[in-house]
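Note sheet for the following structure.
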Amino acid sequence: MDRCESTLALMDFEQVEQDDYSSGYESTTSDSESSTPTQKSQYATLVPTSYNRDPVKIKEKMSYRNTQALTAQLKVISSIPELCDVTFEVGPENVKVHGVKAILGTRSRVLLKLTKKGKKKKTTVKSDKVLIVVRKYEPEDFKRIIQFIHSGSVDINSSCVVGLLCGASQFGLDDLEKACLDFVNHSVESGTISKIIATAKRYSHHKTGQRLLEKIFSNTQQHVEL
């Protein structure tokens, strides 16, 4: 057998056997017959002890999240039609609001059904883009709804809260619905509910908007439980 040189730290063969470590080498019959015990121990000590152990399980780990950057990037998606495969035409002026079917369908079963039933856009090139007409929402409010669906983030104020509430109720966005109701109740407690009443009237054709108005007007103690 050729002699090899190694810079690995060596340890006595007796100590290796005492710790129940093996050499890590499998000798053939000819090697066993031609090698002396001294030679065996020399070759055995060339094997690092780590080779004879089970793989070390590293328990330490680091979890990194940058959800703020992800949210900001997802907000941009609906403003880039080339990245979207669903187009909503909102209001009497058919204002275009764009979205991604995979995200819309994952976040809302109602929107999943709508995208399946939506009309395929007629183009000279075969396309999977879907067109959906929306009449019951104001364009800016609907943009905010789609923005929330994509990014999970939206700014709520007195002028849009009713539109967001109606969208949350219709599309099954429970977390957005709760946030809107919290905002309404806060407005009642702070005495600024009159700002919401004006916008709620614009959504009186929507069941949720009508219900909200009834709750507000039926409460004489200036406290609304929704």
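Model, not experiment: these values are computed from the prediction. Note: hydrogens, waters and symmetry copies are ignored here, and every other heavy atom, side chains too, is used.
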Quick one: [atom1] on [X] to [atom2] on [Y], what's the gap to the nearest 0.5 Å?
X      : Y      : atom1 : atom2 : value
Ser78  : His150 : OG    : NE2   : 6.0 Å
Asp85  : His98  : CG    : NE2   : 11.5 Å
Leu74  : Ile149 : CG    : CD1   : 12.5 Å
Glu140 : Phe142 : CD    : CZ    : 12.5 Å
Ser187 : Asn157 : OG    : CG    : 10.0 Å
Lys207 : Gln170 : NZ    : CD    : 10.5 Å

Starting from [Y], can I reach [X] by hopping between I/L/V/M/F/W/Y residues whose side chains sit under 4.5 Å apart?
X      : Y      : result
Val110 : Tyr137 : yes
Val133 : Phe88  : no
Val95  : Ile77  : no
Leu70  : Val100 : yes
Phe217 : Val162 : yes

Q.
Taking side-chain contact (heavy atoms from CB on, under 4.5 Å) as the definition, give me every residue that meets it alongside Asp155, ordered by chain and number, with sequence neighbours left out.
A. Arg144
Check [X] against [Y] and note the closest heavy-atom contact, atom names and distance.
X      : Y      : value
Cys160 : Ile156 : SG-CA, 4.1 Å
Lys201 : Leu213 : CA-CD1, 3.9 Å
Cys166 : Gly209 : SG-N, 3.6 Å
Leu111 : Ser108 : N-OG, 3.2 Å
Lys101 : Val86  : CB-CG2, 3.7 Å

Taking [atom1] in [X] as the centre, count heavy atoms belonging to other residues, nucleotides or ligands within less than 6.0 Å. Is the count above 12?
X      : atom1 : answer
Lys136 : NZ    : no
His205 : NE2   : yes
Arg135 : CZ    : yes

Q. Under a 4.0 Å N-O cut-off, is there an ion pair linking Asp174 with Lys178?
A. no
Q: Inspect the contact between Glu214 and Arg211 and indicate whether a charged nitrogen and a carboxylate oxygen are less than 4.0 angstrom apart.
A: no
Q | Identified side chain to side chain contact (heavy atoms under 4.5 Å, CB included) partner of Glu89 from the options Ile132, Asn94, Val97 | A | Asn94
**Q.** Side-chain H-bond candidate by donor/acceptor type, Ser151 with Ser153, under 3.5 Å
**A.** no
Q.
Pair Leu164, Asp141 - check side-chain contact (heavy atoms from CB on, under 4.5 Å), show working.
A. CA-CA 6 Å; Leu164 291 176; Asp141 293 342; 5.7 Å; no
Side-chain heavy-atom pair [X], [Y] within 4.5 angstrom cut-off:
X      : Y      : result
Leu165 : Glu177 : yes
Ser158 : Thr199 : no
Asp182 : Val184 : no

(Q) Quick one, Leu104 with Leu112, criterion side-chain contact (heavy atoms from CB on, under 4.5 Å). Give me CA distance, side-chain angles, the key distance, then yes/no. (A) CA-CA 7 Å; Leu104 296 171; Leu112 176 60; over 6 Å; no
Q) What do the steps show when you test Gln210 against Tyr203 for side-chain contact (heavy atoms from CB on, under 4.5 Å), and what is the final call? A) CA-CA 7 Å; Gln210 185 178 6; Tyr203 281 95; over 6 Å; no
Q) Could you walk me through whether Phe171 and Leu114 pass the side-chain contact (heavy atoms from CB on, under 4.5 Å) check? A) CA-CA 10 Å; Phe171 302 129; Leu114 283 178; 4.2 Å; yes
Q.
Tell me whether Arg107 forms a cation-pi arrangement with Phe148, defined as NZ or CZ under 6.0 Å from the six-membered ring centre and within 45 degrees of its axis.
A. yes
